[in-house]
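Note that the structure is a prediction, hence the values are computed from the model and not measured.
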Amino acid sequence: QSNDSLFFQQKDMVALNKIEQQLLDHPVIKSAELYTVPDGKLHIEIEERLPIVRIQADSSFYLDETGKEMPLSDRFTAKVPLFYGALKEENMQALVQLISKLSSDAFLATEVIDFQWKNSAFVLGLRSYPFEVIWGEDKAFEQKAEKLKRFCAFTLENKEKEFNRINLTYDKQVVARHN
């Protein structure tokens with residue numbers, strides 16, 4: 001265990017708990033389990049933390065599904081939505097919950113590409129539509145999702161009208177601003 005290589009070491013010479021703890025100390029590993037089987041083989045099972053959003057601010061990082069920070073990698077870029085600006089601690093869990101709900105909807109999971117926090121509200125950017133969506137707080141998700149889908153369908157049928165912002169925070173209505 002004190003050498004760089006475990007090759008040719010007897011299984012009794014390897015401190016599995018110490019290696020497991022070193023793996024768990026890595027910032028992208030969620031869980032690790034090491035064990036030996038009777039024929040002497042060492043098995044390692046590792047579960048990675050999966051990023052769900054990338055925070056673009058003075059310091060950039062990912063958030064995983066539990067809301068914990070993950071460092072960026074030099075070798076890998078996750079295809080996740082971006083959050084622009086500083087994210088306060090009290091909004092972090094709300095963002096994670098919102099992304100979790102958005103990812104459960106097939107249309108919204110592919111369409112929402114970025115987030116911002118402006119004037120005490122989440123603002124969403126969409127992939128296929130040129131307007132920003134003022135989502136507000138993470139309340140009444142199903143109603144807001146339905147209003148957004150209906151408005152997107154409306155814009156596909158009425159291409160002559162160009163909108164630059166829609167607001168979903170009002171009950172039973174969509175407030176749209178056009179150019």
Side-chain angles (χ1 to χ4, degrees), residues 23-32 46-156 161-179:
L23 288 171
L24 290 172
D25 289 342
H26 195 280
V28 297
I29 294 181
K30 183 176 186 178
S31 65
I46 296 175
E47 183 181 2
E48 290 181 271
R49 292 172 51 204
L50 298 175
I52 61 168
V53 64
R54 180 176 177 161
I55 308 299
Q56 284 294 122
D58 293 336
S59 63
S60 297
F61 55 90
Y62 293 113
L63 287 181
D64 71 359
E65 65 274 0
T66 63
K68 292 183 182 176
E69 292 184 17
M70 294 176 57
L72 300 181
S73 170
D74 294 336
R75 297 184 199 126
F76 173 75
T77 301
K79 294 187 179 188
V80 294
L82 296 171
F83 180 90
Y84 294 106
L87 183 62
K88 294 181 181 175
E89 192 71 33
E90 61 266 14
N91 297 332
M92 200 173 290
Q93 284 303 319
L95 176 64
V96 169
Q97 290 173 357
L98 178 59
I99 292 172
S100 175
K101 291 175 186 176
L102 290 170
S103 63
S104 68
D105 184 283
F107 174 76
L108 297 175
T110 58
E111 198 60 42
V112 176
I113 58 171
D114 63 50
F115 300 88
Q116 294 179 46
W117 182 257
K118 293 181 182 176
N119 301 324
S120 301
F122 284 113
V123 179
L124 285 56
L126 304 178
R127 181 180 314 279
S128 306
Y129 301 91
F131 49 83
E132 65 180 14
V133 179
I134 300 173
W135 187 270
E137 295 180 4
D138 186 28
K139 296 177 184 173
F141 177 82
E142 290 80 17
Q143 293 83 3
K144 290 178 183 180
E146 185 64 28
K147 289 190 291 186
L148 178 58
K149 290 177 190 178
R150 287 181 186 217
F151 191 82
C152 288
F154 171 79
T155 59
L156 290 176
K161 296 181 181 177
E162 292 185 18
F163 298 94
N164 59 3
R165 180 181 295 152
I166 66 168
N167 190 334
L168 303 176
T169 60
Y170 300 102
D171 193 30
K172 298 181 183 177
Q173 63 181 324
V174 175
V175 177
R177 188 174 85 187
H178 61 85
N179 297 338

Seminar exercise, completed: Nearest heavy-atom approach of A145 to W135 is N-CH2, 3.7 Å

Exercise. Taking atom NZ of K144 and atom NZ of K139, what is their separation to the nearest 0.5 Å?
Worked result: 8.0 Å

For this session: Might you confirm whether atom CD of Q143 has over 12 heavy atoms from other residues, nucleotides or ligands at distances under 6.0 Å?
Result: yes

Exercise. How far does CD of E48 sit from OG of S31, to the nearest 0.5 angstrom?
Worked result: 10.5 Å

Problem set entry | side chain to side chain contact (heavy atoms under 4.5 Å, CB included) partners of P81, counting only residues at least two apart | F115

Problem set entry | Inter-residue atom distance M70.CE - K30.NZ, 0.5 Å rounding | 10.5 Å

Check: residues 163-175 side-chain donor-acceptor pairs under 3.5 Å, at least two apart:
| from | atom 1 | to | atom 2 | distance (Å) |
| --- | --- | --- | --- | --- |
| N164 | OD1 | R177 | NE | 3.4 |
| N164 | ND2 | N179 | OD1 | 3.1 |
| R165 | NE | E132 | OE2 | 2.8 |
| R165 | NH2 | E132 | OE2 | 3.0 |
| N167 | OD1 | T169 | N | 2.9 |
| N167 | OD1 | T169 | OG1 | 2.6 |

Problem set entry | Whether Q93 side chain and T66 backbone form a donor-acceptor pair below 3.5 Å | yes

Problem set entry | D105/K149 ion pair, N-O < 4.0 Å | yes

Exercise. If only atom types and distance count, is the side chain of R54 paired as donor or acceptor with the main-chain N or O of A78 below 3.5 Å?
Worked result: no

For this session: Return yes if some donor-acceptor pair links the side-chain N/O of K161 with the main-chain N/O of H178 below 3.5 Å, else return no.
Result: no

Problem set entry | Validation row: L126, C152 side chains within 4.5 angstrom (heavy atoms) | yes

Exercise. Between L63 and I99, is a side-chain contact (heavy atoms from CB on, under 4.5 Å) present by the stated rule, with each step listed?
Worked result: CA-CA 11 Å; L63 287 181; I99 292 172; over 6 Å; no

For this session: Check whether more than 12 heavy atoms from other residues, nucleotides or ligands sit under 6.0 Å from atom CD of E90, and answer yes or no.
Result: yes

Problem set entry | Which atom of I134 lies closest to which atom of A121, heavy atoms considered | CG2-CB, 4.2 Å

Exercise. So how far is it from F83 CZ to S60 OG, rounded to the nearest 0.5 Å?
Worked result: 12.0 Å

For this session: To the nearest 0.5 Å, tell me how far L98 CG sits from E137 CD.
Result: 11.5 Å

Exercise. Between the main-chain N or O of V80 and the side-chain N or O of Y62, is there a donor-acceptor pair closer than 3.5 Å?
Worked result: no

For this session: Identify, with sequence neighbours excluded, every residue that meets salt bridge (charged side-chain N to carboxylate O under 4.0 Å, His left out) alongside R150.
Result: E146

For this session: Can you establish whether the number of heavy atoms outside N119 located under 6.0 Å from its atom CG is more than 12?
Result: no

Exercise. Side chain of R49, backbone of P27: donor and acceptor closer than 3.5 Å?
Worked result: yes

Exercise. Just how far is it from atom CZ of R127 to atom CD1 of I113, taken to the nearest 0.5 Å?
Worked result: 6.0 Å

Exercise. Taking the side chain from E65 and the backbone from S100, do they hold a donor-acceptor pair closer than 3.5 Å?
Worked result: no

Exercise. Aromatic rings F122 and W117: how do their planes relate, parallel, tilted or perpendicular, breaks at 30° and 60°?
Worked result: perpendicular

Exercise. Quick check, are the ring centers of F131 and F151 under 6.0 angstrom apart?
Worked result: yes

Exercise. What pair of heavy atoms forms the shortest contact from D64 to V96, and how long is it?
Worked result: O-CG2, 4.1 Å

Exercise. Are any non-hydrogen side-chain atoms of L108 and L124 less than 4.5 angstrom apart?
Worked result: no

